[in-house]
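Only one structure is covered here, and it is reproduced in the block below.
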Amino acid sequence: MEGLKVWRLSSSIARPSNLRQLFGLGTSSGLVRCLDNGAAAANATNTRFPSRNRRASTSTSTSTNTSDREAVRAIRLKKVEQLRSKGTEPYGYKWDRSHSAKELQEIYKDLNNGEELDSESHHVSIAGRIVARRAFGKLAFLTLRDDSGTIQLYCEKERLLNDQFEQLKTLVDIGDILGASGSIKRTEKGELSVKVDSFSILTKSLLPLPDKFHGLTDIDKRYRQRYVDMIANPEVADIFRKRAKIMREIRKTVESRGFVEVETPVLQGAAGGAEARPFVTYHNSLGRDLYLRIATELHLKRMLVGGFEKVYEIGRIFRNEGISTRHNPEFTTIEMYEAYSDYQSMMDMAEEIVTQCALEVNGKLTIDYQGTEIQLQRPWRRETMHNLVKEVTGVDFTELEDDLKVAKDVVLKAVGLGLDSKDKSSIEACPSLGHLLNEVFEIFVEPKLLQPTFVLDYPIEISPLAKPHRRHAGLTERFELFICGRELANAFSELTDPLDQRARLEEQVRQHNKKRAEAVSVTDGTGEKKNIDEDSMYEVTLDDDFLTALEYGMPPASGMGLGIDRLVMLLTDSASIRDVIAFPVLKISQ
């Protein structure tokens, strides 16, 4: 906005007793600088603020902020009444726009400073939220922001009809949504402006926006009130625009290869396709428990049994587990299945999806993620889990005998120094060599996989839905894709033998129920029982209908699940999964 110099008001100024003057109610002409800092705008006629008042105290109490906010709301409600008393409805129905802010900036980019286009052909109409304003004498400047960007409104008293200029000064606040029409002008200082002939308040904002200096900086509040976050920090909205681009590019990429998008149930009779704690609900009419899906896998495989050869689904997954910078209880994945292919095909597909999305969003394949340069140029490294563990720890699991205790001793001797008690306990609790190999991988190798790496050939014990490896006993044809130390995708050559599948799932249920029985309760010495492992308390049941489907015959196939939230994190340089989910699950606000 032209010549705008914004003052940061101290909290001592923004007291309810001063709010009428601060918000420009009944002010005389003079410089009006508007900020939403609990008490939003200040009338500073013929006043110079002392330098000590240009920054607010960071220790302003929550109670003060709340009282100021309520005082602001009360004043704005009075403005709503004033508008209606003048016959103006402050919540409009529609506004016919001729251009967006970005379109005007592009069309008139060559307009010279001081030049004005006042002919009918250059008459425009725009709408958006007022995010800044200043006024003095018979002139006012407002910055209007729409979905595409910002543009200045240049308002002269003589040009506006009736008492619109006074309404502009006294009844329009930062945060209000306005429609405005007028001609095009570039000011002497180079600011492209709409020289306003008329305007209308389309939505009167009742609550103040965060102040201009600090925006909305409370992290929890940013997630909890994402709508305010996007107003205060426009770059946040850019992340969700990029997310939409990524979703479109994923669909474009897989459908160009002949995949068909399908939809499968969110409510399921058995939570299958992964090992995770489900959300449970109850269907009153059916009189039964149902589960929010923890994966789309088993129903997509039913589609292959039914005759589809290439299917995919982009959908929400729900897991009743922990929350972290990488985990949200509901998240989005794409799962896809291709008949007559194996897991090698899915490596190519994973590379294609990620690189095409990177080019669409960033225009290049070398990106920065949290200070680390990531090279996405193909082909990516492909290495077995055994070789990666040997490379990092020196332990060669192919040389270990089947004696689990001896294997644990070898591992702890090799990596025990500096190992924390939690990781040591996890290693000691492993029920098989396959689990031990995976545990060592997760602790020591996974964090080091910064550049794109396909980790191949997982143990059969932790891969109940994957086909046995055709050359190596005890392993499966499975890979996971890691970038920046995080799993991004998981894929198999799919298990199609119905008898083998039933045996593996039954063993998985047996192992879970054993763990569940051990974790049900212990006595803490006071006679009180307490759960020692909440994540093991859920019930696991077989999906018998899926096993029945396999007995009709599923063609050889490969399948892959790819985490869209983590892909968006990577391509937008976002540190937390909450930054890429518009409305993440949070604790109840106190």
Side-chain angles (χ1 to χ4, degrees), residues 14-30 32-43 45 66-98 124-147 151 153-182 194-210 225 227-228 231-232:
R15 288 293 181 263
S17 61
N18 297 330
L19 283 173
R20 184 170 182 82
Q21 183 181 13
L22 284 168
F23 277 83
L25 287 178
T27 59
S28 59
S29 63
V32 178
R33 303 188 188 276
C34 300
L35 279 179
D36 281 299
N37 174 31
N43 174 38
T45 307
T66 301
S67 64
D68 288 352
R69 168 183 156 121
E70 289 306 310
V72 170
R73 184 173 182 273
I75 290 173
R76 293 194 179 185
L77 282 170
K78 289 181 180 179
K79 293 184 180 184
V80 169
E81 293 176 5
Q82 286 181 262
L83 287 165
R84 285 180 172 149
S85 70
K86 295 174 182 289
T88 301
E89 174 53 50
Y91 299 98
Y93 288 89
K94 67 173 293 187
W95 183 264
D96 292 324
R97 293 193 294 180
S98 63
V124 300
S125 176
I126 58 172
R129 189 182 297 275
I130 301 303
V131 294
R133 55 168 275 184
R134 69 185 184 116
F136 53 91
K138 298 180 180 181
L139 191 61
F141 298 97
L142 288 76
T143 299
L144 180 146
R145 182 195 294 153
D146 65 12
D147 185 63
I151 194 164
L153 302 183
Y154 184 99
C155 307
E156 291 180 315
K157 183 174 182 178
E158 291 78 7
R159 195 176 178 97
L160 293 171
L161 299 175
N162 303 323
D163 63 346
Q164 274 209 315
F165 189 76
E166 288 306 313
Q167 286 190 29
L168 184 73
K169 290 177 64 176
T170 60
L171 299 179
V172 173
D173 294 296
I174 291 178
D176 290 354
I177 297 174
L178 262 61
S181 60
V194 174
K195 195 171 182 181
V196 178
D197 291 329
S198 65
F199 73 89
S200 179
I201 298 176
L202 302 177
T203 300
K204 183 66 189 167
S205 173
L206 298 182
L207 295 175
L209 297 180
Q225 296 185 338
Y227 40 91
V228 181
I231 296 171

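Contact detail for Tyr91 and Lys204: the closest heavy-atom pair is OH-O, 3.0 Å. Between Gly182 and Asp197, the shortest heavy-atom contact is CA-OD2, 3.6 Å. Of all heavy-atom pairs spanning Ser200 and Trp95, the tightest one is CB-CZ3, 3.7 Å. The minimum heavy-atom distance between Val194 and Ser181, with the atom names listed, is CG1-C, 4.3 Å. Listed here is the closest heavy atom pair of Gly128 and Leu144: N-CD1, 3.6 Å.
Within the model, atoms CG of Leu160 and NZ of Lys138 stand 13.0 Å from one another, a figure rounded to the nearest 0.5 Å. One finds the CD atom of Gln167 at 5.0 Å from the OG1 atom of Thr88 (value rounded to the nearest 0.5 Å). In this structure, Glu70 CD and Ile75 CD1 are separated by 12.0 Å, a value rounded to the nearest 0.5 Å.
Side chains of Leu207 and Arg76 form no contact here, defined as non-hydrogen atoms less than 4.5 Å apart. Taking 4.5 Å as the limit, every side-chain heavy atom of Leu161 sits out of range of all side-chain heavy atoms of Ser198. Taking the side chain as every heavy atom from C-beta outward, Thr170 and Gln82 never approach each other to under 4.5 Å. Contact of the Arg97 side chain with the Asp146 side chain is registered, since non-hydrogen atoms from C-beta on lie closer than 4.5 Å. At least one side-chain heavy atom of Ile201 sits under 4.5 Å from a side-chain heavy atom of Leu83.
Considering only residues two or more places apart in sequence or on other chains, Ala140 meets the side-chain contact (heavy atoms from CB on, under 4.5 Å) condition with Ala135, Leu142, Cys155, Phe165, Leu168. In terms of the side-chain contact (heavy atoms from CB on, under 4.5 Å) criterion, residue partners of Ile231 (sequence neighbours excluded) are, by chain and number, Arg129, Arg145, Leu209. Evaluation of the side-chain contact (heavy atoms from CB on, under 4.5 Å) rule for Glu156 yields Leu139, Tyr154, Glu158, Arg159, Lys195 as partners, not counting sequence neighbours.
Between the Ser98 side chain and the Ser125 main chain, a donor and an acceptor come within less than 3.5 Å of each other. A side-chain donor-acceptor contact under 3.5 Å links Asp176 to the backbone of Ser205. Gln164 places a side-chain N or O within 3.5 Å of a backbone atom of Phe199 that can act as its donor or acceptor partner. Judged by distance alone, the side chain of Arg133 and the main-chain N or O of Val172 form a donor-acceptor pair under 3.5 Å.
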- Task: Test side-chain contact (heavy atoms from CB on, under 4.5 Å) on Thr143 and Ile130 and set out the steps.
- Result: CA-CA 6 Å; Thr143 299; Ile130 301 303; over 6 Å; no
